[in-house]
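Since this is a predicted model, take the numbers as computed values, not measurements. Convention: sequence-line order gives letters A, B, ...; per-chain numbering from 1.
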Amino acid sequence: MFAPVRGQPDFPEIEAGIAAFWRERGVYRKSLELRRGAPRFVFFEGPPTANGMPHPGHCLTRAIKDLYPRYRTMRGEFCERKAGWDTHGLPVEVEVCKEIGIHSKAEIEAYGVEPFIHKCQESVWRYMKEWETLTERIGFWIDLSDAYVTYQQSYVESVWWALATLFDRGLLYQGHKIVWWWAQGGTALSSGEVGQGYKEVADPSVYVAFPLVDAAGRPTNRSLVAWTTTPWTLPSNQFAAVKADLDYVVVRETGSADEAEYILAEPLVATLAEKLKRAFDIVERLPGAALVGRSYLPPFDTFRPAGPPQSAPLAGGGSDTIGWRIVAADFVTTDSGTGIVHVAPAFGEVDYGVLVAEQARFAPGTGPALLNCVAPDGTFTDAFAMGSGRFVKECDRDIARDLRARGLLVHQEQYVHDYPFCWRADADPLIQYPRKSWFIRTSQFRDAMLANNAAITWLPEHIKDGRFGNFLETNVDWALSRERYWGTPLPIWECEATGRMEAIPSYAALLAKPGIAGTDVFTRAKAANPQLSDDLAVHKPYIDAVTYDSPFAGGSRMRRVPEVIDCWFDSGAMPFAQWGWPHSGTAEFEAQFPADFISEAIDQTRGWFYSQLAISTLLFGRTPGSSQPGDAKKPYPHPFRTCIVLGHMLGEDGQKMSKSRRNYKEPKVIFDTYGADALRWYFLAGQPPWTSIRYNERAIRESIPEFLLRLWNVYSFFVIYARIDGFDPAGLTGSVDDRSFAVARGGRAVSDYGELDRWMLSEVHATAIDMVGRLDAFDHFGAAQRLSALVEAVSNWYVRRSRERFWAAGRADVGPEGNRDKLDAYWTLYQTLLTIARLAAPFVPFVSEEIWRNLAVAGGGAGFAESVHLTDYPIGEPDLIDGDLVRRMALVRDVASLGRAARAAEKLKVRQPLAKVEVILADATSPHATGDAAWLESHAELVCDELNVKGFEICREPERYITRTVQADLKKLGPRLGKDLPKARDAIAKADGDALLAALARDGRVTVAWAGGEATLEREDLLVRTSARPGWAAAEGRQAVVVVSTELTPALVAEGLVREVVHAVQSHRKSLDLEFTDRIELVFATESPDLRAAIEAHLDYVAAETLATRVSFGGHDGPIIDVDGHGLGISLQVTHGAGGAAVDAGGRS
RNA sequence: GCGCGCGUAGCUCAGUUGGUUAGAGCGCCACCCUGAUAAGGUGGAGGUCCCACGUUCGAAUCGUGGCGCGCGCACCA
């Protein structure tokens, strides 16, 4: 028996009950066991950073990550879902620093590396708990108990294996490069990290004079003018660059006594003059090439000794000045600045390139050295006394002031541009800085990565060649190492004598090294604190203590290099590291690679999407240039086949979501108020997943009635009456099979059902087929819309048209006292609801389960699975779809809708009965026309009922109400007629439609002529449109024109009046809060003879509709209401002792 | 600067290979129902499809160039 259903569903409460049910009965486990051994659907969980609270955007990701595994499981596939957590890296370290109130690396060292990483691990655990709560609350089924965690020893060792493999193949190298450097944090960052930290800022920019010098090294009156937005790099200046084929000029201020002359690119003179509000005269013109080789004085004497320029021997003979010389460079442009570029090789990649090129010109060891007066912590060294010990960016102003005092500052202004800051500490500007760092040779694999990418299915498609493809095209070597603490330690040990290195692929391999020592450091720590996680043995600082005998130099030791690695490498290694592969989990890895499906937000193009693809391509792809057989271990695509890229979620105001702006509600609030299903449905059915979606409480709330509540109302309607009528699926059949849609039904085949039932089931099956097609193509948005339309059809057509059947007398049973038609209605709605519950299960798992649990398990009996998620997804049965019926029902719904529109146009309310409605089908010549018309005609009663009319007819003389016009079918004729189309179109439009159609019917073809041409047309070249003649209450749609008779006879008017009276009484009953079974006595008072006569003529009707045991006329002292212009008083009294007992559900006559 | 995406009703968004009357939900107005009822239904109003030029018989749809918004990239010295 079905449990009673509350009319006002409390979704959050229902969800809590369902969640408990899942937990107690282990339903997720069962759903896996059910499919064990079946083909796999492989899903990878992109590990959320266990740092910071989950926000609404994460809810979307988790909803989509849940939907497809649930769906594929119901489709019979085996989909393991292993949770994972990203736990290393800067985000965690920065969070911990905030917590203990420190910032710089020195402070961490002072705090102690050991307690610091303990803090990091604790912090990660805290956030993992929060994430687990969210995961369960939103109904994301994933195995949290067996999650992979990037700091676990087995995970770290997998990463070690990957790095050792790359190292042994020469793909992991230490390089001296200009890197983006986070000075406060003391580490380099990867391009991906840098890209996340750009902010628009105004920096001081300065135009500085670099005086040319004479042979003795004395400044002349001529100066180069260079421009920079980083004044702090000026003390490290080494060169000035010009473009050889660009025109330069020497200028002097107009009319000035000052002898000072400036050199800059000619196209930029006007710009500079405007900035300075001074006029210049051109003294001399010369090409850039003529400037190359000249020496100048740098703005600061940090490194340049006084006196003439120093020279050194060139590699190819001769000599040249070592520095502070003008060089030619192609990167010089006239887009901004002066066409003369200040070159400080320590602080720019191109600048560094200039230095490298210069060094190559000189004899080995004699060329320019790298000049750098900035320490790794971002402060000036003593070499630049003015700024010694201060952060470089803070010295910009003092530097400008000093330049001005010495007459070298030509101009100063604010320059607004994007500049990178640390992505985790966004007050810290990054600087470019020369640093030894570890890199992965990804750029060598650019083409391989592109080829791999090409085989991936991206949704939306443009990601492949757009954002992601572009990112791969511009690939640079992965700056891997971090001079930090909480991360996977770089598994490279270096010989202290020779500097030679080797990579270690596992902890066991390390322990097996000869002369191993230092493992006791962790052992002792563990003894002192037994709570200490064993995973920390492979972390700093413990791992740093482990040393062994050098194979390269007898008597010396191998020590680990100090760096840890970029945490993005951790997550990218997840496809194999989650299993600890290759040290363990070979079977799992082989079975679970590559993924069939992953999904994350678009910011992961540079994050997890890239790190996975890069690592996988390098490890399992072919090495470029290599022809070794078996080099390509995995065919493309890997490591994932399909990726849904989600748009970013915006706050209520359309801006980026931000805690400080408070422009979004916490997910918890939404869950507690509306429920997880409401949020899921809003995300899944509201828009395609890749559009940036606005997170908006009002929109979430308003999305509930159209689907969730509507579904619930149908379900509630069904249960209310099924309980009253004792509809018992289990009792009727003994057991019901839920495996196929053909549930037992007391011996009746679907084909024996009535038409409305067959229509409903046709719609159900057509919807299932369509949804399966869409979901297989990862189009859950389209599938959700289709599902929504089905629920609309059930609610607004099937239930509405079937109400009388549910209220009819008799039991829903097959016996002699049973009502067969009623039973059919119950079976149909029952099957429909069960199928909808299954169709909806991946989208709204809680409500679907609630409906299933009551209808199938409680009401249906032993044949049903205990959870909707343990059933098979309905794929629809094509042979149960009656295509004609579907089309015709759509037609009749359209006719009803048009009829109402026609009535509304004449202000004829539906309560007023009308004599007749006539329907003209728009296209009498379509292949279905005859059948459809006959069918419609046989449904006259239905149309009359919907429209409250006495008669219905398909109009045989359409000319009375409508005219037919023919139109060219442009799609057909366009290709054939080309330029003549407009003339043909006009000629056809002008033709007498009826005559033309008659001719066509007679001859099968007709010729239409126009000035200068003609064409022979067939029926399919034309479209027929009908339109109402003026003066008729008609409404036209694409399929039909519906005309209602507006003529009102006295009898019709009387009937209309009576219905108004009934309406008034019902309203009165409602206002008195009567039970719907209460019997009443009615006394009417009216001075209108027409109204009285109308009521008297329909006394029985009035009594039956209002459940009145007696209707009479009499006096009245209460309010008089208006009934279509007639006054009416209503006195109403509940009959004594006549409760609802005598009235059953079939009480209406 | 280069690249990607977007721009359709008051709001949030659909719009399939270019085709004649551009749709939905919400909101608004009017109406209906009153046995799913603090629900439900119907109808209506509301649109220079960002702008311009072009391709085409025909453009919301294709092309070019703008404008606006969002995002990404980075040799912005």
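- Using a 3.5 Å distance cut-off with no hydrogens or angles, the side chains of A:Trp458 and A:Asn453 do pair a donor with an acceptor.
- Rounded to the nearest Å, the gap between the P atom of B:G72 and that of B:U55 is 39 Å.
- A side-chain hydrogen bond (donor to acceptor under 3.5 Å, both in side chains) check over residues 234-243 of chain A, counting only residues at least two apart or in different chains, returns the pairs A:Asn237-A:Tyr296, A:Asn237-A:His342.
- Nucleic acid contact class of A:Val343 (heavy atoms, under 4.0 Å, all strands): none.
- With hydrogens and angles left out, the side chain of A:Arg985 and the base of B:C57 share no donor-acceptor pair within 3.5 Å.
- Of the side-chain N and O atoms in A:Arg710, none sit less than 4.0 angstrom from OP1 or OP2 of B:A39.
- The P atoms of B:C32 and B:C51 are separated by 41 Å, rounded to the nearest whole Å.
- Nucleic acid contact class of A:Ser703 (heavy atoms, under 4.0 Å, all strands): none.
- The separation between A:Arg900 atom CZ and B:G41 atom P is 12 Å, rounded to whole Å.
- Across all strands, A:Ser716 comes closer than 4.0 Å to no nucleic acid atom at all (heavy-atom distances).
- If you check the side chains of A:Gln604 and A:Tyr610, you find no donor sitting under 3.5 Å from an acceptor.
- When Watson-Crick and G-U wobble pairs are counted only if both distances are under 3.5 Å, B:U12 pairs with B:A24.
- Comparing B:G35, B:C4, B:A77 against the side chain of A:Asn470 picks out B:C4 as the nearest.
- Dashed line: the shortest gap from a side-chain N or O of A:Tyr715 to OP1 or OP2 of B:A36 is not under 4.0 Å.
- Separating the C1' atom of B:U48 from that of B:C67 is a span of 16 Å, rounded to the nearest Å.
- Among the nucleotides B:A36, B:C71, B:C57, the one closest to the side chain of A:Leu981 is B:C57.
- A:Phe718 and A:Leu833 make their closest contact through CB-CD1, 3.7 Å (heavy atoms, listed as atom of the first residue, atom of the second, distance).
- Mapped onto RNA chain B by nearest heavy atom, A:Thr230 and A:Ile720 fall at different nucleotides, with A:Ile720 at the one closer to the 5' end.
- Summarising the base pairing, B:A59 is matched to no nucleotide, lacking a Watson-Crick or G-U wobble pair whose two defining distances lie under 3.5 Å.
- Nearest to the side chain of A:Val341, among B:C4, B:G35, B:A77, sits B:A77.
- Nearest nucleotide to the side chain of A:Leu970, out of B:G19, B:A77, B:C4: B:G19.
- Only the P atoms considered, B:A45 is 15 Å distant from B:G25, to the nearest whole Å.
- Searching all strands for a Watson-Crick or G-U wobble partner of B:C31 with both distances below 3.5 Å returns B:G41.
- Residues A:Glu697 and A:Tyr674 form a side-chain contact, since some pair of their non-hydrogen atoms from C-beta on lies under 4.5 Å apart.
- B:G41 atom P lies 16 Å from atom CZ of A:Arg801, rounded to whole Å.
- Spacing between B:C49 and B:G68 at atom C1', rounded to whole Å, works out to 16 Å.
- Nucleotide B:G70 is matched to B:C4 when pairs are restricted to Watson-Crick or G-U wobble geometry with both distances under 3.5 angstrom.
- For the pair A:Glu600/A:Val645, no side-chain contact is recorded, criterion being any heavy-atom separation below 4.5 Å from C-beta on.
- Looking at A:Ser443 and A:Asp477, their side chains do bring a donor and an acceptor atom within 3.5 Å of each other.
- When each of A:Thr338 and A:Ile463 is assigned the nucleotide of RNA chain B bearing its nearest heavy atom, the one mapping closer to the 5' terminus is A:Ile463.
- Atom-to-atom, OH of A:Tyr682 to P of B:G25 comes out at 17 Å; the value is rounded to the nearest Å.
- B:G41 and B:A52 have their C1' atoms separated by 46 Å, given to the nearest Å.
- Rounded to a whole Å, the CD1 atom of A:Ile700 is 15 Å from the C1' atom of B:C11.
- For the P atoms, the distance linking B:G63 with B:G18 amounts to 11 Å, nearest Å.
- What separates CD of A:Glu697 from C1' of B:C11 is a distance of 16 Å, to the nearest Å.
- With both pairing distances under 3.5 Å, B:A77 is matched to nothing as a Watson-Crick or G-U wobble pair.
- Taking the P atom of each, B:U61 and B:C71 are spaced 26 Å apart, rounded to whole Å.
- When the nucleotides B:C4, B:A39, B:G43 are ranked by their closest atom to the side chain of A:Ser897, B:G43 comes out on top.
- Distance CH2 (A:Trp690) to C1' (B:C13): 14 Å, rounded to an integer number of Å.
- The interatomic distance linking A:Ile1080 (CD1) with B:U34 (P) rounds to 14 Å, in whole Å.
- Within 4.0 Å (heavy atoms only), A:Trp712 reaches no atom of the nucleic acid at all.
- For A:Leu709, taking side-chain heavy atoms from C-beta onward, the closest of the listed nucleotides B:A14, B:A36, B:A39 is B:A39.
- Regarding A:Trp180, its CH2 atom lies at a distance of 8 Å from the P atom of B:A77, rounded to whole Å.
- The partner of B:A52 is B:U64, by the rule that a Watson-Crick or G-U pair needs both atom distances under 3.5 Å.
- The ring pair (Phe, Tyr, Trp, His ring centres under 6.0 Å) test applied to A:Phe707 returns A:Trp681, not counting sequence neighbours.
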